[in-house]
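These notes concern the structure reproduced below.
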Amino acid sequence: MASERYNARSVEQKWQQRWEEENIFQTNTVPDGDKETYYVLEMFPYPSGRIHMGHVRNYAMGDVIARYKRAKGFEVLHPMGWDAFGMPAENAAMQNKTHPKSWTYQNIASMRSQLKSMGLSLDWSREFATCDESYYAQQQKLFLDFMKADLVYRKNSKVNWDPVDMTVLANEQVIEGKGWRSGAEVEQRELTQWFFRISDFSEDLLESLNGLDQWPAKVKLMQANWIGKSKGLAFDFGVKDAPAGFEVLPIYTTRPDTMFGPTFAAIAADHPLAKELEKTSEGVAEFRKQCAAMGTSAEDIEKAPKLGIDTGLKVTHPADPAWELPLYIANFVLMDYGTGAVIGCPAHDQRDLDFARKYSLDVIDVFVPVGSDERVGNTAFVPAKTDTVEYVCWLGEAGTIQTCQEAIDTTLETFEAKGWGQPKTEYKLRDWGASRQRYWGCPIPVVHCETCGVVPEREENLPVVLPEDVSFEVPGNPLDHHPTWRNVACPSCGKPAKRETDTMDTFVDSSWYFARFTDPKSPTPTNVTAANRWLPVDQYIGGIEHAILHLLYSRFFARAMSIAGHMDIQEPFKGLFTQGMVVHETYKSSDGDWLQPIEIDIIGEGAERSARHAVTGDPVVIGGIEKMSKSKRNTVDPDDIIATFGADTARWFVLSDSPPDRDVIWTEAGVEGAHRFVQRIWRLVHSVATRPENAGRDDANLKLSKSAHKTLARIDEMIPGLRYNSAVAQIYSLVNEIEQVQKSDTVATDTLNMAMAMTIQMIAPMMPHLAEECWKALNLEGMVSTTAWPELDESMLVEESITLPVQINGKKRGEITVPQELDKQGVEDIVLLEHFVQNALSGKTPKKIVVVPGRIVNVVV
RNA sequence: GCCCCCUUGGCGAAAUUGGUAUACGCAGCAGACUUAAAAUCUGUAGGUCGAAAGACCGUGCCGGUUCAAGUCCGGCAGGGGGCACCA
């Protein structure tokens with residue numbers, strides 16, 4: 001029995017079944033009065049078909065904290081669901097003639113059973129998919145509530161339009177300016193679309209980041225940059241001989257100190273004035289068409305060559321109406337930011353300078369480096385706001401030396417005092433365009449009536465259900481082509497009207513699912529009591545790729561839902577952890593085809609390391625280490641790993657070695673190493689369990705007890721901080737020690753059993769099946785999954801004496817062992833007696849002795 | 001283009017957040033057990049010099065602050081990620 005190898009497959013299935021039978025992971029929707037709650041949530045998966053190693057890592061990480069908190073006595077909510085709407089289902093429908101719905105639910109079914117084989121401590125009774133009617137019905141209610149609260153509105157905005165497929169394309173469907181399926185030149189089109197008023201919350205969303213002390217600093221920084229708060233100057237240029245209604249051109253700048261060096265003004269191609277001028281100017285019409293052919297992404301716009309067209313109009317400087325500047329339409333001006341119009345100060349902005357040189361415009365230096373006569377050539381002089389420069393033509397006072405910020409402040413004051421403009425705060429954050437011209441999404445519950453206009457659907461008519469009899473044969477949105485679905489009575493006047501055929505962005509679905517999990521069967525979007533009790537999510541875990549949009553939209557939704565009375569929570573996620581990716585080497589055949597890891601054999605190592613095809617023996621090129629992806633075929637199927645080594649091995653491996661927020665490189669050797677550890681624990685447990693009674697020696701017993709409690713103290717620190725790789729290292733050290741001492745009879749069997757039981761409890765959150773089996777083998781009561789976490793005995797952490805490193809001039813030269821509570825003077829006295837210190841001093845008095853209690857001693861000679 | 005992150009032995013990494021650099025693991029090497037292999041166990045291991053004791057060097061590169069820098073500051077290089085309709 002003791003020599004049997006641990007059979008992960010059968011053991012894991014056994015315990016998974018037992019956990020399920022006993023319902024130990026089910027949570028009360030409204031927990032008992034005083035039990036502390038803990039909500040741990042991993043970002044729910046898109047049901048693409050199979051789980052991948054990234055999922056394994058994500059859910060293993062969340063499961064550790066869920067199991068740990070449960071053992072610590074918390075009522076833990078740990079749910080799972082599916083982010084199930086989205087484009088891939090429609091692509092599959094077009095390619096494989098399946099229906100998005102059946103494709104999605106089939107994927108969910110197979111991924112659910114894969115996740116179950118991981119042994120996650122999930123409350124499956126709360127599972128839902130966002131494409132479930134019961135979920136999106138509630139989302140439609142939210143949408144109507146948001147309409148009532150004026151949190152959503154319609155406006156025009158641009159989309160990528162494929163003129164051949166007659167469809168709107170996502171940015172990722174535009175490849176080098178062409179539609180991915182049709183290959184047609186993509187153009188920009190304006191559509192009237194639904195928007196959430198997230199920008200009204202810019203200041204709140206920015207300011208509240210300060211309170212999120214359990215979020216990674218980098219995510220907060222990314223969000224702050226995204227919100228993009230800036231303080232600047234708003235003012236009006238006059239437009240000479242302007243078309244009616246365009247006599248005044250509002251402009252916003254964050255560098256008002258450059259207001260004395262502009263040489264042109266420019267407006268966006270979509271600026272109302274540009275549209276007006278198009279009517280009378282063929283050149284403008286042509287230029288606007290050219291801009292429409294440009295991509296819509298920020299990258300496309302920034303990287304495109306800077307182009308413009310002179311409108312022939314002149315604008316007048318607010319400080320001096322006699323100062324006239326040419327007005328251009330330029331492709332680098334964004335209609336969405338500020339007023340869609342800029343002043344160009346070429347001397348102090350590289351983009352403006354490039355533009356000025358291209359169109360032979362003047363360059364006026366406003367300031368120069370202090371003491372420099374040099375004027376701007378082809379490189380703009382762009383100092384930071386805090387840099388000190390010499391102003392040569394600023395507010396008419398040449399030679400003023402000060403920081404740019406001071407000049408900005410003075411300019412703002414002066415402009416305001418003279419009535420030329422006002423200080424203004426702007427945000428880059430734009431309203432959230434939530435309309436999608438697609439089938440597989442949540443229908444927007446509104447009706448277009450010729451008489452009443454845009455009318456919200458009546459609540460009693462919800463949900464607006466997606467029709468299932470749709471065809472993907474015809475290009476475009478299937479909802480538009482459906483013979484009857486659009487036809488509906490106007491909710492207001494009852495006359496025949498048409499349904500909105502846009503569906504919601506899938507980010508809407510994922511912006512409130514965390515709230516729905518607190519009571520997924522509620523007939524209203526949330527059960528307010530349950531939501532307030534459980535939210536905010538205590539620990540949210542997911543990929544860094546969601547650092548901005550998903551998290552920002554969810555933060556907006558929490559606010560919007562609170563306004564609409566669905567909960568009373570501003571911030572949805574109290575703690576956030578962003579995990580790294582699972583990456584793997586890539587392999588290519590000599591023909592340039594990507595090969596899967598299982599298709600190749602590795603030969604040799606180090607510089608000698610090479611690969612060949614497992615079957616044909618052909619040489620294989622070893623490529624870079626990249627994110628596991630279908631296209632590079634560098635994936636490892638979790639199913640294969642679980643079948644071969646068991647879920648515990650897979651879980652242990654993804655938690656070991658790499659810090660959770662960094663990428664982990666999947667290697668075969670690493671997995672085997674993890675599996676060896678599983679077997680080692682199993683052998684050790686048997687050897688401890690079958691050991692004869694023995695009293696051991698007091699000092700050895702105490703030493704082992706101390707080690708166990710010291711390890712416990714560290715694990716208690718590391719698990720809540722998700723420092724799993726460090727926790728794993730601590731466990732290895734303790735296991736090494738137990739292995740050593742159990743060979744001799746210096747340690748009592750009782751003490752060994754105690755240390756072993758504690759070790760199993762510490763391993764349990766990471767390798768729960770192995771832990772249960774070991775728990776049983778040690779004849780311990782119940783299941784480890786329902787056993788309270790071991791109590792830490794603080795007295796075991798106290799050491800009587802301590803070893804301090806001793807440095808001479810900052811270099812370690814020896815160490816001393818002193819009583820724990822010895823004071824600084826006592827340490828100094830002992831140090832000075834050490835012969836290596838005396839040698840270094842050679843009779844002199846040290847200049848200084850630095851004693852950091854409990855840490856280090858440094859003698860400065 | 002803009003923004004962000006990362007860089008420590010052969011490899012993944014640790015370092016109590018300014019205090020003994022390389023814990024723990026992987027791969028390696030040597031040995032034990034074995035007819036043999038696997039599995040397992042023991043030992044070894046940053047570099048250079050040295051028989052050894054030990055000395056010097058060492059956290060991508062250059063400079064700074066400090067008694068003390070992997071950690072803080074300034075500059076540079078290399079690698080990776082995001083950029084609003086992928087989720």
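Below, each value reflects all heavy atoms present in this structure, side chains not excepted, and no hydrogens, waters or symmetry copies.
A donor-acceptor contact under 3.5 Å is not formed by the side chain of A/R662 with the base of B/C6. A/Q223 contributes no side-chain N or O that forms a donor-acceptor pair with the base of B/C4 under 3.5 Å. Counting distance only, with no hydrogens placed and no angle test, the side-chain atoms of A/N225 and the base atoms of B/C3 include no donor-acceptor pair under 3.5 Å.
The partner of B/C83, taking Watson-Crick or G-U wobble pairs whose two distances both stay under 3.5 Å, is B/G1. If you check B/U42 for Watson-Crick or wobble pairing at under 3.5 angstrom, you find it paired to B/A30. The partner of B/C72 is B/G64, by the rule that a Watson-Crick or G-U pair needs both atom distances under 3.5 Å.
An OP1 or OP2 oxygen of B/A14 is reached within less than 4.0 angstrom by no side-chain nitrogen or oxygen of A/S726. Listed pair A/N725 / B/A14 meets the phosphate criterion, a side-chain N or O lying under 4.0 Å from OP1 or OP2. OP1 or OP2 of B/G25 lies within a sub-4.0 Å distance of a side-chain N or O belonging to A/N736. Taking side-chain N and O atoms only, A/R813 has no distance below 4.0 Å to OP1 or OP2 of B/G54. Distances shorter than 4.0 Å separate none of the side-chain N or O atoms of A/K218 from OP1 or OP2 on B/C4. Taking side-chain N and O atoms only, A/K743 has no distance below 4.0 Å to OP1 or OP2 of B/C41.
Distance check on atom C1': B/C67 versus B/C72 gives 16 Å, rounded to whole Å. Nucleotides B/U20 and B/G70 place their C1' atoms 14 Å apart, quoted to the nearest Å. One P atom belongs to B/C3, the other to B/G74, and the distance between them is 15 Å to the nearest Å. Taking atom C1' in both B/U48 and B/U66, the straight-line distance is 29 Å, to the nearest Å. B/G82 and B/U65 have their C1' atoms separated by 34 Å, given to the nearest Å. One P atom belongs to B/A13, the other to B/U8, and the distance between them is 8 Å to the nearest Å. Nucleotides B/U34 and B/A27 have their C1' atoms positioned 24 Å apart, rounded to a whole Å. Taking atom P on both nucleotides, B/G12 is separated from B/G60 by 13 Å, rounded to a whole Å.
Nucleic acid contact for A/F677: none, since no nucleic acid atom lies under 4.0 Å from a heavy atom of the residue.
The nearest pair of heavy atoms linking A/I641 to A/A650 is CG2-CB, 3.9 Å.
For A/D505, whose side chain is taken as the heavy atoms from C-beta onward, the closest listed nucleotide among B/A39, B/A87, B/C56 is B/A87. Residue A/L221 places its side chain closer to B/C4 than to any other of B/C4, B/C67, B/C56.
A distance of 7.0 Å separates CG of A/L205 from CG of A/L429, quoted to the nearest 0.5 Å.
A salt bridge links A/D505 to A/R436: one of the charged nitrogens lies within less than 4.0 Å of a carboxylate oxygen. A salt bridge does not link A/E834 to A/R813: none of the charged nitrogens lies less than 4.0 Å from a carboxylate oxygen. With respect to the salt-bridge test (charged N to carboxylate O, under 4.0 angstrom), the residues A/K158 and A/D270 qualify.
Within the 4.5 Å cutoff, side-chain heavy atoms of A/K710 are placed close to those of A/E799.
To the nearest angstrom, C1' of B/C5 lies 18 Å from NE2 of A/H546.
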